[in-house]
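This report concerns only the one structure given below.
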Number of protein chains: 2
Amino acid sequence: MIRCKKCGEVGYIKKSGKVRGRQRYYCKDCKVYFSEEQEDKSPVAHQHQVTITDLARHLNLSASTVSRALHKHPDINLATQKKVLDLAARLDYQPNMLASSLVKSKSFTIGIVVPEFINSFFPNVILGAEEVLAKAGYKLVICHSNESYEREVENVKLLLSSRVDGFLISLTQETKKYDHLKAIVAKGIPLVLYNRICTEVDVPKVTVNDYEGAFKATEHLILNGYRKVAHIAGPQTLQIAQSRITGYKDALKKYEIPVNEDWIRHCDLSFEGAKRTAAYLFDLENSPDAIFAMNDTIAVEVIQLAKMRGISIPAQLAVVGFSDDIIAQFIGLTTMAQPVREIGKAAARLVLQRLKNRDVHIESKILSTSLVIRSSSSHNH
Amino acid sequence: MIRCKKCGEVGYIKKSGKVRGRQRYYCKDCKVYFSEEQEDKSPVAHQHQVTITDLARHLNLSASTVSRALHKHPDINLATQKKVLDLAARLDYQPNMLASSLVKSKSFTIGIVVPEFINSFFPNVILGAEEVLAKAGYKLVICHSNESYEREVENVKLLLSSRVDGFLISLTQETKKYDHLKAIVAKGIPLVLYNRICTEVDVPKVTVNDYEGAFKATEHLILNGYRKVAHIAGPQTLQIAQSRITGYKDALKKYEIPVNEDWIRHCDLSFEGAKRTAAYLFDLENSPDAIFAMNDTIAVEVIQLAKMRGISIPAQLAVVGFSDDIIAQFIGLTTMAQPVREIGKAAARLVLQRLKNRDVHIESKILSTSLVIRSSSSHNH
DNA sequence: CTGTTAGCGCTTTCAA
DNA sequence: TTGAAAGCGCTAACAG
């Protein structure tokens with residue numbers, strides 16, 4: 001015999017009152033539904049996690065009051081607030097973000113898409129972004145596309161479904177279509193591209209000065225006496241690969257060294273691709289005496305292969321990479337360092353700005369690089 | 001003059017009918033609320049993302065029918081289904097996971113906590129876990145604690161709030177209290193510990209055979225003629241550090257080499273810590289001729305410092321690491337390889353199992369290691 | 001086969 | 001200072 005909490009009347013069983021298998025009762029007088037569980041006041045979270053209504057029931061308060069207490073709303077009796085907070089702590093109440101995000105249409109979550117996890121680059125970008133976002137009360141949801149266009153699109157869909165408040169994206173080497181990005185923009189959700197950007201969508205971007213970096217890296221080799229400088233470039237789809245090629249070419253031009261197209265090799269960002277490309281250059285009749293590689297992973301593979309073939313570095317071959325990955329210092333690789341963590345921070349700051357003010361145009365950010373000289377290109381190191 | 005969609009009666013303005021600032025109207029006859037927007041049938045997503053009710057309105061269907069169509073429920077007219085699917089595609093409808101997870105009390109999300117991102121270890125664990133989870137229709141939410149106990153606790157709270165269906169956790173080197181883990185278990189949420197585990201909570205665990213790995217690594221050094229084998233251990237809090245110490249000691253005992261406690265140095269998992277500890281061992285009056293390091297990062301630092309000091313490897317000093325991090329092959333580091341990706345996969349499989357059947361006891365998984373011999377410990381490599 | 005209804009857990013007016 | 005009511009977007013039981 002279940003009785004109404006309010007008036008004590010015996011509950012009326014409504015046929016349509018069954019919800020999710022559980023019979024609920026209805027009070028004709030109070031016009032309110034209630035269930036058996038409502039009688040149970042033992043403060044033990046059982047199957048489901050503790051909810052705001054559980055707290056309310058135990059304290060004979062309304063859900064709204066509990067909500068206000070939890071948020072330390074000014075219009076609340078401090079004694080009530082304390083009661084609620086104490087019980088919440090005792091029962092290890094964790095607010096249901098799904099529910100609150102749903103009503104507020106805001107998840108306080110930013111989605112980041114990274115194309116790979118092999119180098120230390122993206123983990124560090126994540127670290128930087130997280131630092132800035134956490135301070136602003138945002139969480140970061142990490143997705144990685146594994147260099148696959150399809151997965152990138154899936155990731156975007158997933159994050160869209162999770163109703164993230166903003167996007168931080170670095171494209172895969174395969175990405176040639178940008179409809180998924182345009183869809184984000186069309187929905188009015190802040191998007192920032194970083195590192196692997198594209199020009200097809202008009203959003204704020206974070207990059208380093210790739211052109212200048214490549215220029216200086218190449219120049220460094222030339223100034224160290226190397227004249228036959230080759231370049232292992234990244235996939236043609238990548239904007240940054242293009243910029244670095246131009247930087248490389250312009251450096252050669254500055255010193256009036258003719259560009260040998262045979263010495264510019266595109267290569268995907270896998271270990272095997274790098275090894276293959278290095279082998280190609282080594283096997284050339286007229287082989288280069290220096291290689292500027294698109295990134296450190298490739299540069300390291302070059303050095304590995306050179307060692308295996310007994311080519312001495314830097315005497316017979318100089319190598320320069322790009323990024324200053326952790327591995328570079330162990331190998332003694334000269335490289336163009338990027339402020340990796342700063343890239344993440346800058347990207348995070350830009351989405352945050354966008355989130356604050358959706359209308360104002362936001363400038364892209366170009367960070368600068370700096371050459372770190374090590375033994376792979378210089379006898380003095 | 002707003003009219004009821006159903007009966008055409010003029011809408012009745014109820015004072016309490018204002019929701020979120022927007023005036024809604026009420027039809028006394030049909031007992032239904034409606035708002036001005038309901039008149040607007042232009043199929044253009046504006047501020048908010050397209051919802052199931054948007055689709056329903058445009059097609060003059062009910063939300064449930066649309067829901068059924070989207071899920072390809074069998075009880076649906078195929079023509080209707082097609083209409084819905086087409087419109088959904090046209091408007092780039094993305095289901096609101098917040099809402100569906102809320103009603104289903106299930107998010108199809110697993111939370112993973114990693115302590116660091118410096119080595120390639122955790123990224124690879126993530127890759128493995130994701131692979132298995134994706135196949136089962138689950139997403140992975142990545143959190144990292146940055147080796148901070150506080151952040152670990154925060155991460156758990158966050159994931160709890162996000163209502164993840166399960167947890168994959170690897171502890172920080174600081175973690176000595178386990179209440180946050182016990183809370184997860186108390187709530188009945190599946191939890192699997194991996195790599196950095198603890199014995200204080202009774203949940204399935206995924207590890208490698210650390211004892212045996214350490215034993216064999218040490219044995220390898222002994223068999224190669226090194227008698228003064230030191231060990232740089234991890235933080236004392238870590239279970240795996242303890243197991244590896246025991247393995248190391250037992251190997252020495254097997255060959256009747258006395259254990260020199262001065263040669264067992266604990267060290268935190270930072271670059272600086274590693275360097276300091278290496279320096280300590282080198283500076284010892286009676287310094288070791290071989291070092292078995294807790295992980296590859298430490299081993300690499302040892303080699304770096306040895307090179308700087310002109311100590312030749314492996315002639316004067318042999319080094320063995322643990323993990324077979326990417327860096328090991330570049331440096332030529334002998335190391336005890338762990339099936340890293342497999343650890344992630346195994347952990348994922350265990351949560352999934354737990355999710356399927358909450359009551360059955362699930363066995364922990366111990367994967368095996370294998371020695372990869374390179375030049376840091378052997379002249380033939 | 002489709003619509004109605006109730007509710008997931010939370011926030012937010014408005015009324016008391 | 002508190003409570004009642006409505007609704008965020010979606011699903012599911014039930015009725016037609």
Side-chain angles (χ1 to χ4, degrees), chain A residues 6 14-24 26 30-35 48-57 59-71 73-81 83-84 93-107 161 163, chain B residues 6 14-24 26 30-35 48-57 59-71 73-81 83-84 93-107 161 163:
Chain A
K6 279 265 180 273
K14 252 191 149 180
K15 37 194 171 144
S16 65
K18 213 155 86 187
V19 165
R20 238 161 285 276
R22 198 148 49 88
Q23 179 62 58
R24 313 204 80 203
Y26 187 72
C30 308
K31 294 186 169 62
V32 95
Y33 282 91
F34 53 97
S35 59
H48 73 118
Q49 297 212 41
V50 181
T51 70
I52 223 167
T53 26
D54 291 328
L55 298 180
R57 237 186 344 255
L59 297 168
N60 266 318
L61 285 171
S62 74
S64 14
T65 304
V66 172
S67 171
R68 277 184 288 249
L70 292 170
H71 294 298
H73 191 284
D75 296 353
I76 199 163
N77 186 312
L78 281 177
T80 319
Q81 187 184 91
K83 269 201 305 193
V84 173
Y93 165 79
Q94 301 298 341
N96 187 329
M97 269 182 27
L98 299 173
S100 66
S101 298
L102 182 60
V103 351
K104 302 217 281 197
S105 300
K106 168 125 194 159
S107 62
S161 270
R163 293 298 189 266
Chain B
K6 280 260 179 277
K14 251 191 150 181
K15 36 199 169 141
S16 65
K18 211 153 89 188
V19 166
R20 239 163 283 278
R22 198 147 50 88
Q23 178 63 59
R24 312 205 79 204
Y26 187 72
C30 308
K31 295 185 169 60
V32 94
Y33 283 90
F34 53 96
S35 60
H48 73 120
Q49 297 213 39
V50 181
T51 72
I52 223 167
T53 26
D54 290 330
L55 299 180
R57 243 196 327 267
L59 297 168
N60 266 317
L61 286 171
S62 73
S64 19
T65 304
V66 173
S67 171
R68 277 184 289 248
L70 292 170
H71 295 300
H73 191 284
D75 296 353
I76 198 163
N77 186 311
L78 281 177
T80 318
Q81 187 184 90
K83 268 200 305 193
V84 173
Y93 165 79
Q94 302 296 342
N96 187 328
M97 270 182 27
L98 299 173
S100 68
S101 299
L102 182 61
V103 350
K104 303 217 279 198
S105 301
K106 169 129 194 151
S107 62
S161 270
R163 294 299 189 263

Is the base of dG3(D) touched by the side chain of R68(A) through a donor-acceptor pair closer than 3.5 angstrom?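 Side chain to base: pair found, below 3.5 Å.
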
For [X], side-chain contact (heavy atoms from CB on, under 4.5 Å) partners two or more places apart:
| X | result |
| --- | --- |
| H71(B) | S67(B) |
| L102(A) | N96(B), A99(B), L102(B) |
| S107(B) | S101(B), T109(B), D165(B) |
| A63(A) | I52(A), T53(A) |

Rounded to whole Å, please give me the gap between [atom1] in [X] and [atom2] in [N].
| X | N | atom1 | atom2 | answer |
| --- | --- | --- | --- | --- |
| N60(B) | dG3(C) | CG | P | 9 Å |
| I52(B) | dA12(D) | CD1 | P | 11 Å |
| K104(B) | dG9(C) | NZ | C1' | 17 Å |
| M97(B) | dC10(D) | CE | P | 12 Å |
| N96(B) | dG9(D) | CG | P | 7 Å |
| D54(B) | dC10(D) | CG | C1' | 13 Å |
| H73(A) | dT1(D) | NE2 | P | 11 Å |
| R57(A) | dG3(D) | CZ | C1' | 16 Å |

What does [X] touch in the nucleic acid at a heavy-atom separation under 4.0 angstrom: a base, only the sugar-phosphate, or nothing?
| X | value |
| --- | --- |
| L61(B) | sugar-phosphate |
| T80(B) | sugar-phosphate |
| I76(B) | sugar-phosphate |
| D75(A) | base |

Nucleotide pairing, DNA chain D (Watson-Crick or G-U, distances under 3.5 Å), in dot-bracket with [ ] and |: ||||||||||||||||

DNA chain C: 5'-proximal contact among T65(B) and T51(A) (nearest heavy atom):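 Result of the comparison: T65(B).
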
If you find the nucleotide of DNA chain C closest to L102(B) and the one closest to Q81(B), which residue's nucleotide is nearer the 5' end? Q81(B)

Between [X] and [N], does any side-chain N or O lie under 4.0 Å from OP1 or OP2?
| X | N | value |
| --- | --- | --- |
| S62(B) | dG3(C) | yes |
| Y93(B) | dG9(D) | no |
| T53(A) | dG9(C) | no |
| S64(A) | dT2(D) | no |

Hey, does the side chain of S161(A) reach the backbone of M97(B) with a donor-acceptor pair shorter than 3.5 angstrom?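 Looks like no, no N/O pair under 3.5 Å.
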
Which residues pass the side-chain hydrogen bond (donor to acceptor under 3.5 Å, both in side chains) test with Q94(A), sequence neighbours left out?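 Testing Q94(A) for side-chain hydrogen bond (donor to acceptor under 3.5 Å, both in side chains), a comparison that skips the adjacent residues, returns D92(A).
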
Where each residue is assigned the nucleotide of DNA chain D containing its nearest heavy atom, which of S100(B) and A63(A) is assigned the position nearer the 5′ end?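 So the residue in question is A63(A).
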
Nearest-nucleotide pick for H71(A), side chain only, options being dT11(C), dC8(D), dC10(C):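 My answer, after comparing the listed nucleotides, is dT11(C).
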
Distance from N77(B) atom CG to L61(B) atom CG, nearest 0.5 Å?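 Answer for the CG-CG pair, N77(B) versus L61(B), is 10.0 Å.
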
Atom OG1 in T65(B), atom CG in L59(B): separation rounded to 0.5 Å? 10.5 Å

